[in-house]
Structures are given as C-alpha cells and as structure tokens.
Amino acid sequence: MEKRKLGQSPITVAPLMFGGNVFGWTLDAAASFQMLDAFTAAGFDFIDTADVYSRFIPGNQGGESEVILGKWMKARGNRDRVILATKAGMDMGEGREGLSKAYLFKAVEDSLRRLQTDYIDLYQAHVDDPKTPLEETLGAFAELIRQGKVRVIGASNYSAERLDAALAVSDRLGLPAYQSLQPLYNLIDRTAYEAELQPLCKAKGLGVIPYFSLASGFLTGKYRSEADFANSSRGGFVKHHLNDRGLRILNALDQVAEGFNATPGMVALAWLMAQPTVTAPIASAASLAQLDELVRATQLKLDRQAMEQLDRASAA
C-alpha cells in the first residue's frame, strides 16, 4: 500500500483514516475491537479520536473513545504500529476547554492515561481558541514535543485566516508548526474548504485529513427520502442535504459507481482521496461489510470523465 506523507513531518500514513468517534457510541468495546482488528489487518494504521468523544451521547462523560482505543492497543501490543491522532480543546465540562498552556498540559496527560500510551503521534487543536494567544498555544505544543509526549501537531476547524496566522507565529518564533488540518470537506461540503483553506494548505505543505468524508453517511446513498432518517443515529446530521443538489450528487454517484462496479460511498471517498492536498479522509464503519467498502475505496482510481461528472453535479 502506498503511504502518504503527513504534511512536512516524518510521519507517513495509509490513505484512509478510521474515525474513532464511533467507539463508545455506535460501537461498544467488543465491536470496536473487531473493527480495529480488521482495519489494521487490511494494512491501515491511521486512527483518529478526541478527548471529547463521545460526550455528546447522554450518559457519557467524554473520553470513552480514547479508553476503548487504549485498551485495544494494550491488548494487541501494537502501539508502535499505529499512527495515533487525538484532539483537545472542545468543551469537556466543568471549565475544561480551550488551548491555554495550563489546560493543554492537563488535557494531554488525561488523554495519555486513557490511551495507555506515553506519546501521541498527532496531537490536534480540536477547535480554535480566540481567547488564548497563538503564541501561548504553540509554545505549549512545543514543550509537549520536547517532552516526547507529542510527535507532530495539527489543527482542526480553523479558518484560513487563523491557520495562516498560527503558521506565521511558528515561523517567527521558531516553534513547531501545524503539519495538518482537519476540516469539514466532502463531495457535498466543498465551498468553505476549497475557497481559502485548500490554497493555503497547498502553499504551506500541510496534510489534510477531512472529517465527515461521507457527509455522515449521506454520500453512501442510504438517505434518499425523509423515511430513511427513521431510527438513524446520524439522521439529524444529514437532513439538510436532502435537496435538489444533494439528490443530483447522489444520482451522479450512482452513475459513476455503476461504471466502476463500485458503491456510491466508495466513489465519494475515491473522489476525495484524489483531491489536491488531501492526505487521508476520515471515515467510520458500523459493520465489517462497511469497512470492506472503505478499504476497497482506497483501490478505486476514478478517470477524468468520472471526476468531471462529480464536479459538475456537486457545483454549488
């Protein structure tokens, strides 16, 4: 499998990242272990999580995903074969949020404990913190790197203006710079990323690991009417896509998929993996059959005609 370099860092990764937000949410510990075993057995190594996963589920406190992932790595003894990414900064309750030096030092220790490891490969600012100077945040990350607790840093949900400013601070002060960006980007959510973030990431050499790569399942074609949202844990995330443009995109995905003997979800991921700057889309699976589709998507190479057809259908 061809590996891709993460930004300008020494880290190389497989072209697909597993989204760990499902651990402790739609997948219990046993199912998570099964999914992770199959993912790594297929040759993949890049796994994303966050301290806040999955605090958004009633009864959860946050950290559930990291705990499951930590137990799995401990049980399998494979920490050195996993490229582990986690994030900090979102609201964990009781004032635990932001990117201040004091909070990041506490947050990283909490994540390391839950993950049962002494280092994080990619530690990401989950969301921008305008209340904390960029110099303080990047200085804190620099110290964590010096301590060996973090290898590389990345940003998530940053605007182009703030990301550019952060990169300038790193350059000016000689501090470690963000090597990756985790933005919302997929075949249906294109404008915000492509307008300003894509040119910046290309110019600065950042790796891009888009989340919601399948638009919470909409791009798999499973949601085509209001009735399809019934009993879906992700229905609330995708209802706004069910419009003329969304249906036009699904129709194009159907046509391309038929021509390549693939599924709409595979085609949507293949389109994303072919985009400039994209290192590895983040995607999750709820079953081994879904995981097999994700794996096969990495082997799908769309031709120019297919790419242009999808571009036309998804034009804003």
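Counting begins at 1 with the first residue of the sequence. Computed from a predicted structure; not experimentally measured.
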Enquirer: Are the side chain of Arg96 and the backbone N or O of Met92 linked by a donor-acceptor pair below 3.5 Å?
Expert: yes
Enquirer: Roughly how far, to the nearest 0.5 Å, is the CD1 atom of Ile120 from the OH atom of Tyr123?
Expert: 5.5 Å
Enquirer: Look at the side-chain heavy atoms of Ile, Leu, Val, Met, Phe, Trp and Tyr, link any pair under 4.5 Å apart, and say whether Ile188 and Met307 land in one connected group.
Expert: yes
Enquirer: Show your working on ring-ring contact (aromatic ring centres under 6.0 Å, His included) between Tyr158 and Tyr178 and close with a plain yes or no.
Expert: CA-CA 11 Å; Tyr158 271 51; Tyr178 290 136; 5.6 Å; yes
Enquirer: Output, in order, the C-alpha distance, side-chain angles, deciding distance and verdict of side-chain contact (heavy atoms from CB on, under 4.5 Å) for Tyr185 and Leu272.
Expert: CA-CA 8 Å; Tyr185 184 41; Leu272 195 53; 3.5 Å; yes
Enquirer: Do Phe23 and Asp28 have side-chain heavy atoms sitting under 4.5 Å apart?
Expert: no
Enquirer: Using distance alone, with no hydrogens and no angle criterion, decide if Asn186 and Ser213 have a side-chain donor and acceptor under 3.5 Å apart.
Expert: no
Enquirer: Using 30° and 60° as the class limits, which term best fits the ring planes of Phe218 and His241: parallel, tilted or perpendicular?
Expert: tilted
Enquirer: Could you check whether Thr117 and Arg79, counting side-chain N and O atoms only, form a donor-acceptor pair closer than 3.5 Å?
Expert: yes
Enquirer: Where do Arg146 and Glu143 land on the salt bridge (Lys or Arg N to Asp or Glu O under 4.0 Å) test, with the steps shown first?
Expert: CA-CA 5 Å; Arg146 281 194 293 270; Glu143 181 59 29; 2.7 Å; yes
Enquirer: So among Ile57, Asp51, Thr49, which one has a side-chain contact (heavy atoms from CB on, under 4.5 Å) with Tyr53?
Expert: Thr49
Enquirer: Before you tell me yes or no, could you show the steps for Met273 and Thr298 under side-chain contact (heavy atoms from CB on, under 4.5 Å), namely the whole-Å CA-CA distance, both residues' side-chain angles and the distance that decides it to 0.1 Å?
Expert: CA-CA 8 Å; Met273 283 184 275; Thr298 66; 4.0 Å; yes
Enquirer: Between Asp129 and Gly98, is there a donor-acceptor pair closer than 3.5 Å when you use the side chain of the first and the backbone of the second?
Expert: no
Enquirer: Hydrogens and angles aside, do Thr277 and Tyr193 bring a side-chain donor and acceptor to less than 3.5 Å of each other?
Expert: yes
Enquirer: Mind checking whether Trp25 and Phe56 have parallel, tilted or perpendicular rings, split at 30° and 60°?
Expert: perpendicular
Enquirer: Are any side-chain N or O atoms of Gln275 and backbone N or O atoms of Trp271, one a donor and one an acceptor, separated by less than 3.5 Å?
Expert: yes
Enquirer: Quick check on Glu258: does its CD atom have over 12 non-hydrogen neighbours (other residues, nucleotides or ligands) under 6.0 Å away?
Expert: no
Enquirer: Mind checking the OG-CG spacing from Ser180 to Leu206? Nearest 0.5 Å is all I need.
Expert: 7.0 Å
Enquirer: Side chains of Gln309 and Gln305: is there a donor and an acceptor less than 3.5 Å apart?
Expert: no
Enquirer: Check for me, please, whether Leu167 and Val169 land in the same ILVMFWY cluster - side-chain distances under 4.5 Å, paths through other members count.
Expert: yes
Enquirer: Is it true that atom CG of Asn261 has more than 12 heavy atoms of other residues, nucleotides or ligands lying nearer than 6.0 Å?
Expert: no
Enquirer: Set out, in order, the CA-CA distance, both residues' side-chain angles and the distance that settles salt bridge (Lys or Arg N to Asp or Glu O under 4.0 Å) for Lys87 and Asp48, then state yes or no.
Expert: CA-CA 8 Å; Lys87 302 182 284 291; Asp48 178 73; 2.8 Å; yes
Enquirer: Would you sort out whether Thr86 and Glu66 count as a side-chain contact (heavy atoms from CB on, under 4.5 Å), showing the intermediate values?
Expert: CA-CA 8 Å; Thr86 192; Glu66 289 184 331; 2.6 Å; yes
Enquirer: Distance check, rounded to the nearest 0.5 Å: Leu200 atom CG versus Leu163 atom CG?
Expert: 5.0 Å
Enquirer: So, Thr40 side chain and Asp37 main chain: donor-acceptor pair closer than 3.5 Å or not?
Expert: yes
Enquirer: Working to the nearest 0.5 angstrom, can you tell me the gap between Gln34 CD and Leu288 CG?
Expert: 4.5 Å
Enquirer: Spell out, as yes or no, whether a donor-acceptor pair under 3.5 Å connects the side chain of Glu64 to the backbone of Gly24.
Expert: no
Enquirer: Going through the distances and angles, do Leu138 and Ile153 end up as a side-chain contact (heavy atoms from CB on, under 4.5 Å)?
Expert: CA-CA 9 Å; Leu138 292 164; Ile153 57 173; 4.0 Å; yes
Enquirer: Report yes or no: does Gln290 contribute a side-chain atom to a donor-acceptor pair with the main-chain N or O of Ala286 at less than 3.5 Å?
Expert: yes
Enquirer: Checking Asn157 side chain against Asp128 main chain: does a donor-acceptor pair fall under 3.5 Å?
Expert: no
Enquirer: Picking from Gln8, Lys204, Lys5, Gln124, what satisfies side-chain contact (heavy atoms from CB on, under 4.5 Å) with Gln179?
Expert: Gln8
Enquirer: Quick check on Glu308: does its CD atom have over 12 non-hydrogen neighbours (other residues, nucleotides or ligands) under 6.0 Å away?
Expert: yes
Enquirer: Indicate whether the side chain of Thr12 and that of Arg4 have a donor and an acceptor atom separated by less than 3.5 Å.
Expert: no
Enquirer: Between the side chain of Ser9 and the main-chain N/O of Leu6, is any donor-acceptor distance below 3.5 Å?
Expert: yes
Enquirer: Within the side chain of Asp121, is there an N or O that forms a donor-acceptor pair under 3.5 Å with the backbone of Ala85?
Expert: no
Enquirer: Return yes if some donor-acceptor pair links the side-chain N/O of Ser156 with the main-chain N/O of Gln182 below 3.5 Å, else return no.
Expert: yes
